[in-house]
Amino acid sequence: MSSLMKFEEVCKNFEQKRILNKISFEIPKGKIVAFLGQNGAGKTTTLKIASGLITADSGRITIDNVPLVSSKENVTFIPDYPFLYEELTGLEYITFTLDIFNLTYSKEQIVELIEKYDLKSEIGKKISSLSLGNKKKLSLLTTLLNSPKLLLLDEFISGIDPINMIKVKTILKEYVRQGNSILLSTHQLEVAQAFCDSIILINNGEIMRKDIEVSSILEASNLEEYFILTLTGGDDK
Ligand SMILES: Nc1ncnc2c1ncn2[C@@H]1O[C@H](COP(=O)(O)OP(=O)(O)OP(=O)(O)O)[C@@H](O)[C@H]1O
């Protein structure tokens, strides 16, 4: 399968401390990949580098074989607490996003999207008054208006209730079916299992395992044990 993004031997230090140590992985086209690791493992740092928000100290990052610096417009990052203009209403923020990216959507398309994201009762309210889950859905809606090839989601699922999770999952799956890709960071195995096609395990700034098929984990009898065994190197599968 062809890959969209490639990380090769990427390193990052903060204040002389090695945070990412020669990490290499690929994000295939049309797939949702979980970036799974404990707190402080280096997930957010990796996503920020992948989005171009911060730069790596060394290594190579490409999108469709083009260096990231020349193709940043193909990537969008949604942080764990999405950045939105809190003084605007949801609808004003959608209009603002369409203007910024010079996009044309009909009124009917916007209404359809608002209904799809179950935001009808919230869209006229100031963003500052919305719940975190609704802010996340609004952020996803506006981000996907511009159809990025790669979506980077940092702990996106936490704060979203089970019913909305089903909606969000449908939206994410539909988005990757169009050939786009998602890298979704999480520390929850259940999230990786429910949303993703494969898993990359990161620990202490190093990639422990990659291309783990989620279906292989589904067959494991004890998921927690599988995770611990993999992290400690006790899993030789
Ligand atoms: N700007 C910074 N300056 C110094 N150290 C930093 C900076 N950003 C992150 N770190 C450190 O880098 C390490 C990795 O942090 P990162 O936020 O990437 O981890 P994470 O896997 O996303 O964790 P979490 O699940 O808790 O969000 C941590 O030890 C963190 O303290």
Side-chain angles (χ1 to χ4, degrees), residues 14 32 34-35 37 39-55 68 72-176 180-188 191 194-195:
F14 280 128
I32 306 180
F35 203 42
N39 293 130
K43 304 182 296 293
T44 302
T45 306
T46 306
L47 294 195
K48 284 183 179 169
I49 291 174
S51 67
L53 268 180
I54 60 173
T55 51
L68 176 65
K72 278 188 201 169
E73 69 282 359
N74 292 312
V75 190
T76 305
F77 172 54
I78 303 185
D80 52 353
Y81 198 91
F83 176 80
L84 298 160
Y85 289 110
E86 303 265 330
E87 286 306 302
L88 298 182
T89 66
L91 193 55
E92 285 168 346
Y93 190 70
I94 292 175
T95 310
F96 169 78
T97 308
L98 293 174
D99 285 349
I100 287 279
F101 292 109
N102 208 9
L103 300 169
T104 310
Y105 278 73
S106 69
K107 239 186 201 164
E108 291 72 24
Q109 283 174 308
I110 296 299
V111 168
E112 208 176 290
L113 279 173
I114 291 167
E115 276 171 8
K116 185 170 161 187
Y117 282 74
D118 199 16
L119 283 169
K120 205 172 162 189
S121 61
E122 306 299 305
I123 208 70
K125 296 180 185 167
K126 260 194 182 183
I127 293 173
S128 56
S129 71
L130 301 185
S131 68
L132 178 60
N134 283 328
K135 283 181 184 176
K136 286 190 168 190
K137 285 194 292 170
L138 179 64
S139 176
L140 185 64
L141 186 162
T142 49
T143 293
L144 295 189
L145 287 173
N146 197 27
S147 311
K149 281 187 188 172
L150 175 63
L151 181 59
L152 305 165
L153 297 176
D154 199 4
E155 296 291 352
F156 187 79
I157 308 304
S158 49
I160 295 183
D161 66 52
I163 300 214
N164 277 303
M165 261 200 215
I166 296 167
K167 283 197 170 69
V168 165
K169 184 175 171 180
T170 307
I171 290 164
L172 297 183
K173 293 278 179 192
E174 191 183 299
Y175 167 71
V176 295
N180 304 305
S181 309
I182 298 173
L183 181 60
L184 179 155
S185 90
T186 179
H187 54 266
Q188 294 174 277
V191 168
F195 284 80

**Q** Testing I114, L130, I171, N164 for side chain to side chain contact (heavy atoms under 4.5 Å, CB included) with K137, which one passes?
**A** N164
**Q** Among all residues two or more places apart in sequence or in another chain, which pass the side-chain contact (heavy atoms from CB on, under 4.5 Å) test with S158?
**A**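 If we apply the side-chain contact (heavy atoms from CB on, under 4.5 Å) test to S158, skipping adjacent residues, the hits are K136, E155.
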**Q** Could you state the interatomic distance from CG (N134) to OG (S129), rounded to the nearest 0.5 Å?
**A**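 Answer for the CG-OG pair, N134 versus S129, is 9.5 Å.
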**Q** Would D118 and I163 satisfy side-chain contact (heavy atoms from CB on, under 4.5 Å), going step by step from the backbone distance to the final call?
**A** CA-CA 10 Å; D118 199 16; I163 300 214; 5.8 Å; no
**Q** With the side chain counted from C-beta on, respond yes when L153 and F195 share a heavy-atom pair under 4.5 Å apart, and no when they do not.
**A**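 When only atoms from C-beta onward are counted, F195 and L153 do not touch, as no gap falls below 4.5 Å.
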**Q** Without swapping roles, check the side chain of E122 against the backbone of L119 for a donor-acceptor pair under 3.5 Å.
**A**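 Absent.
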**Q** Given side chains that start at C-beta, do those of L151 and L144 come closer than 4.5 Å, heavy atoms only?
**A**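 L151 vs L144: side chains touch.
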**Q** Is the count of non-hydrogen atoms from other residues, nucleotides or ligands lying under 6.0 Å from N102 atom CG greater than 12?
**A** no
**Q** Any side-chain heavy-atom pair from I123 and L138 closer than 4.5 angstrom?
**A**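 A side-chain contact under 4.5 Å exists here.
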**Q** Considering non-hydrogen atoms only, spot the tightest contact between N180 and P148 and give its length.
**A** OD1-O, 3.5 Å
**Q** Quick one: pull up CG in L98 and CZ in F96 and give me the separation to the nearest 0.5 Å.
**A**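 Reported value, rounded in 0.5 Å steps: 11.0 Å.
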**Q** As an exercise, state the distance from CD1 of I157 to CG of L184, rounded to the nearest 0.5 Å.
**A**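 So the CD1 of I157 and the CG of L184 are separated by 5.0 Å.
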**Q** Look up atom OG1 in T44 and atom CG in L53, then write down how far apart they are to the nearest 0.5 Å.
**A** 11.0 Å
**Q** Locate the shortest heavy-atom distance separating Y175 from S181; write the atom from each residue and the value.
**A** CE2-O, 3.7 Å
**Q** Evaluate F101 against L145 for side-chain contact (heavy atoms from CB on, under 4.5 Å), listing each step before the verdict.
**A** CA-CA 9 Å; F101 292 109; L145 287 173; over 6 Å; no
**Q** Decide, yes or no, whether a salt bridge links K126 with E87 under the criterion of side-chain N to carboxylate O below 4.0 Å.
**A**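 The answer is yes: the pair qualifies as a salt bridge.
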**Q** Is there a side-chain contact between L150 and N74 (heavy atoms, below 4.5 Å)?
**A**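 No, side chains not in contact.
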**Q** Measuring only between side-chain heavy atoms, which start at C-beta, is L172 closer than 4.5 Å to V176?
**A** no
**Q** Between the side chain of K43 and the main-chain N/O of F35, is any donor-acceptor distance below 3.5 Å?
**A** no
**Q** To the nearest 0.5 Å, what is the distance between OG on S185 and CG on L47?
**A** 5.0 Å
**Q** In chain order, what residues pass the side-chain contact (heavy atoms from CB on, under 4.5 Å) check against E92, with sequence neighbours excluded?
**A**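 Once residues adjacent in sequence are excluded, the partners of E92 under the side-chain contact (heavy atoms from CB on, under 4.5 Å) criterion are L88, T89.
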**Q** Is it the case that more than 12 heavy atoms not belonging to E86 sit under 6.0 Å from its CD atom?
**A**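 Correct, the count exceeds 12.
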**Q** Going by heavy atoms in the side chains, are L132 and P82 under 4.5 Å from each other?
**A**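 Yes. Closest side-chain heavy atoms under 4.5 Å.
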**Q** Going by the side chain to side chain contact (heavy atoms under 4.5 Å, CB included) test, name the single residue among T95, I94, T97, I110 that passes it with Y105.
**A** I110
**Q** Distance check, rounded to the nearest 0.5 Å: D154 atom CG versus Y81 atom OH?
**A** 14.5 Å
**Q** Measuring centre to centre across the rings, with the benzene-like ring taken for any Trp, is Y85 within less than 6.0 Å of F83?
**A** yes
